[in-house]
Amino acid sequence: MPIHTVTDHAHSDIEDIYSTRSSERSLPKYRMPDGLTEPHAAYALVRDELLLDGNARQNLATFCTTWVEDEVKQLMTDAVDKNMIDKDEYPQTAEIESRCVHILADLWHAEKSWDTIGCSTTGSSEAAMLGGLALKWKWRARREAEGEDTSKPNIVTGPVQICWKKFARYFDVEIREVPLKGDALGLQPDDLRDYCDENTIGVVATLGVTFTGIYEPVEALARELDAMQRDLGLDIPIHVDAASGGFIAPFIQRDLVWDFQIERVRSINASGHKYGLAPLGVGWVVWASKDDLPDDLVFYVDYLGGNMPTFALNFSRPGGEIIAQYYNFLRLGREGYTAIQQSCSDTAQWLGAELAKLGPFDMVYDGHGGLPAVAYKLTDGDHGFTLYDLSERVRMRGWQIASYPLPADREKTVVQRILIRHGVSRDLAALLLEDIKRALEHLSQNPVPNSTAGPGFHHG
Ligand SMILES: *Cc1c(COP(=O)(O)O)cnc(C)c1O
């Protein structure tokens, strides 16, 4: 064996990447290598490993952005060195974040959008933590002022995304997740009296339930809480988890009343990196007024003679996603967002109608009235395969489609969900449909003896 010498480095810029020393062995897994690797080779080797990842564009299990314009990539590169927390070094990034907050407050019908308070986060999960903390602080202050016990806070929800369970556990709040009864897919107004009490810090209503894509009836929930205030004296605020719906409803369901038009809705979160169309890593939380965010949760940072409130779990965080969010607001405007969300929604409804024609599926959500998505289950009876088998079969063509049970008490119902996002064209959806048809044909001719049963996907 010839011994490689340092001349390897000297020749590295003319060498073929796949004949460099580092390409002769597998990449380090447990220990940092002793020496250096030429950047082109290191890049190629790491990039090649990523070939094993699924193709994000065909991942129809995710709500998150998988297609961006070149200008977004350029802005992300331009901002790669900007830490959004350094508000005095990058005051314009801070200004852009603040503009996004007020634009969202306005989109969500805050009475005085210029006077609202809110912030960017890493996503809706962090936004939910902040929204939940504000509810908890407000509730505790109210109870203390009344001289009442503050040891048993609870939060009432329908079938929520995992972030609310995290919030509850991390911040010591009991979560009362109302089980689904009958055909219900979300929280119902009649549930509230049984689950709320004087220790309820708030009700979370979801606009775009993770499991199906439907919207919970925020206005009806608020009316029931109004009635409960009259009858029982409980004044319980609503936080709307509009992770996805916050960027859909304002554009294509403009008549739906779900946001700050409802007095009881005191805070809203949304994921910029879902239907907000920003690249991964940004969420938003906005409070109806400054009074809704208790001051002792806020830290003040002085910059440029101003006073910048910050409320966040993270400290350092990239600024690029926030800048890209603002780019999208400017680039697309209401007209652009409306066109994109409408075409996604039309495609979802088209796909829902086509899937319903195939026979073996009962539509659980057909794409009308909620997110651009469809959810369906197998019709009753033995098909010789499960939806998990179907997920696996279409995976052979690169499609990633989630199958999972509905939450309690409907966990016996397994559903499959397809999300239609920016970049999922009608043509791609038609190709998917053909692949589903072929997979169904194959599975009906080749029943699966030990059908796959088990969660293969996360609900993201
Ligand atoms: C995706 C989602 C979340 C979590 O949001 P991230 O941005 O992924 O942190 C919370 N709630 C709902 C309803 C969601 O769809």
Side-chain angles (χ1 to χ4, degrees), residues 108-109 128 131-132 134-136 138-139 142 153-161 163-165 167-168 173-246 248-250 253-270 287-288 292 364-366 368-371 373 375 406-411 413 415:
W108 299 335
H109 297 102
L135 291 175
K136 184 175 174 183
K138 290 289 281 187
W139 165 84
R142 205 167 54 234
N154 68 69
I155 190 159
V156 173
T157 75
V160 274
Q161 210 266 358
C163 66
W164 292 100
K165 298 181 192 197
F167 162 72
V173 173
E174 176 199 351
I175 187 161
R176 296 184 177 171
E177 192 180 3
V178 179
L180 298 173
K181 290 183 220 94
D183 286 339
L185 296 171
L187 189 59
Q188 301 299 311
D190 348 335
D191 295 326
L192 293 174
R193 283 184 202 243
D194 291 341
Y195 288 86
C196 295
D197 57 28
E198 67 284 0
N199 290 316
T200 302
I201 65 172
V203 168
V204 176
T206 305
L207 206 73
V209 171
T210 311
F211 302 91
T212 53
I214 63 120
Y215 292 165
E216 286 182 330
V218 187
E219 195 181 15
L221 292 166
R223 269 204 231 106
E224 176 62 10
L225 288 170
D226 290 345
M228 286 163 61
Q229 182 167 9
R230 275 194 306 273
D231 302 347
L232 310 166
L234 300 173
D235 183 7
I236 300 172
I238 292 179
H239 173 96
V240 182
D241 179 353
S244 298
I248 296 287
Q253 289 125 351
R254 265 176 262 172
D255 296 336
L256 186 73
V257 178
W258 66 275
D259 56 16
F260 294 129
Q261 287 176 82
I262 302 168
E263 177 67 23
R264 200 167 284 281
V265 171
R266 303 317 298 168
S267 46
I268 298 173
N269 71 271
W287 286 269
D292 294 293
V364 173
Y365 169 60
D366 62 4
H368 290 262
L371 300 181
L406 288 178
D409 287 339
R410 296 190 65 187
E411 56 276 80
T413 304
V415 300

A.B. asks: Return yes if some donor-acceptor pair links the side-chain N/O of Trp287 with the main-chain N/O of Gly131 below 3.5 Å, else return no.
C.D. replies: no
A.B. asks: Could you report the tightest heavy-atom contact between Gly370 and Ile248, atom names first, then the distance?
C.D. replies: O-CG2, 4.2 Å
A.B. asks: Would you check if Cys196 and Val203 make a side-chain contact, meaning some heavy-atom pair closer than 4.5 Å?
C.D. replies: yes
A.B. asks: To the nearest 0.5 Å, what is the distance between CZ (Arg193) and CG (Leu232)?
C.D. replies: 5.5 Å
A.B. asks: Is the shortest heavy-atom distance from the side chain of Pro189 to the side chain of Leu221 under 4.5 Å?
C.D. replies: yes
A.B. asks: Please assess Gln229 against Ile236 for the test side chain to side chain contact (heavy atoms under 4.5 Å, CB included), listing each intermediate value before the final yes or no.
C.D. replies: CA-CA 8 Å; Gln229 182 167 9; Ile236 300 172; over 6 Å; no
A.B. asks: If you look at every heavy atom in Gly246 and Trp108, which pair is closest and at what distance?
C.D. replies: O-NE1, 2.9 Å
A.B. asks: Taking only residues two or more places apart in sequence, or in another chain, which ones meet Arg142 in a salt bridge (Lys or Arg N to Asp or Glu O under 4.0 Å)?
C.D. replies: none
A.B. asks: Taking Asp190's backbone N and O only, do any of them form a donor-acceptor pair with Glu224's side chain (distance below 3.5 Å, no angle check)?
C.D. replies: no
A.B. asks: To the nearest 0.5 Å, what is the distance between NE2 (His239) and CG (Asn269)?
C.D. replies: 3.5 Å
A.B. asks: Kindly write out the residues that satisfy side chain to side chain donor-acceptor pair (under 3.5 Å) with His109, not counting sequence neighbours, or none if the list is empty.
C.D. replies: Asp259, Gln261
A.B. asks: Could you give me the CA-CA distance, side-chain angles and deciding distance for Val160 and Asp241, then say whether side chain to side chain contact (heavy atoms under 4.5 Å, CB included) is met?
C.D. replies: CA-CA 9 Å; Val160 274; Asp241 179 353; 5.6 Å; no
A.B. asks: With sequence neighbours excluded, tell me which residues meet side chain to side chain donor-acceptor pair (under 3.5 Å) with Asp366.
C.D. replies: none
A.B. asks: Just to verify, which of Val364, Leu207, Leu185, Leu371 counts as forming a side-chain contact (heavy atoms from CB on, under 4.5 Å) with Ile214?
C.D. replies: Leu185
A.B. asks: Mind running side chain to side chain contact (heavy atoms under 4.5 Å, CB included) on Ile155 and Leu135 for me, showing each step along the way?
C.D. replies: CA-CA 9 Å; Ile155 190 159; Leu135 291 175; 4.3 Å; yes
A.B. asks: Would you call Asp197 and Arg176 a salt bridge, using N to O less than 4.0 angstrom?
C.D. replies: yes
A.B. asks: Can you name the residues that form a side chain to side chain donor-acceptor pair (under 3.5 Å) with Asp194, not counting sequence neighbours?
C.D. replies: none
A.B. asks: Take Val218 and Val265 through the side chain to side chain contact (heavy atoms under 4.5 Å, CB included) test and state the conclusion after the steps.
C.D. replies: CA-CA 9 Å; Val218 187; Val265 171; 3.9 Å; yes
A.B. asks: State, yes or no, whether a side-chain contact exists between Lys138 and Ile201 at a heavy-atom distance under 4.5 Å.
C.D. replies: no
A.B. asks: What heavy-atom pair brings Glu219 and Ile262 nearest, and what distance separates the two atoms?
C.D. replies: CA-CD1, 3.7 Å
A.B. asks: Rounded to the nearest 0.5 Å, what separates atom CE in Met228 from atom CG in Asp235?
C.D. replies: 10.5 Å
A.B. asks: Hey, could you give me the CG/NZ distance between Asp409 and Lys181, rounded to the nearest 0.5 Å?
C.D. replies: 8.5 Å
A.B. asks: Listed by chain and number, what are the side chain to side chain donor-acceptor pair (under 3.5 Å) partners of Arg410, not counting sequence neighbours?
C.D. replies: none
A.B. asks: Which atom names give the shortest non-hydrogen contact between Gly158 and Glu177, and what distance separates them?
C.D. replies: O-CG, 3.0 Å
A.B. asks: Can a donor-acceptor pair be found, under 3.5 Å and without considering hydrogens, that links the side chain of Tyr215 to the backbone of Leu256?
C.D. replies: no
A.B. asks: Show the nearest heavy-atom pair for residues Phe211 and Ala375, with the distance to one decimal.
C.D. replies: O-CB, 4.4 Å
A.B. asks: With Phe167, which residues qualify under ring pair (Phe, Tyr, Trp, His ring centres under 6.0 Å), at least two apart?
C.D. replies: Phe171
A.B. asks: More than 12 heavy atoms of other residues, nucleotides or ligands under 6.0 Å from CG of Asp183: is that the case?
C.D. replies: no
A.B. asks: CD1 of Ile238 to CZ of Arg264: how many Å apart, nearest 0.5 Å?
C.D. replies: 7.0 Å
A.B. asks: Please round to the nearest 0.5 Å and tell me the distance separating atom CD1 of Ile175 and atom OG1 of Thr157.
C.D. replies: 4.0 Å
A.B. asks: Give the minimum heavy-atom separation between Pro159 and Gly186, together with the two atoms involved.
C.D. replies: CD-CA, 3.8 Å
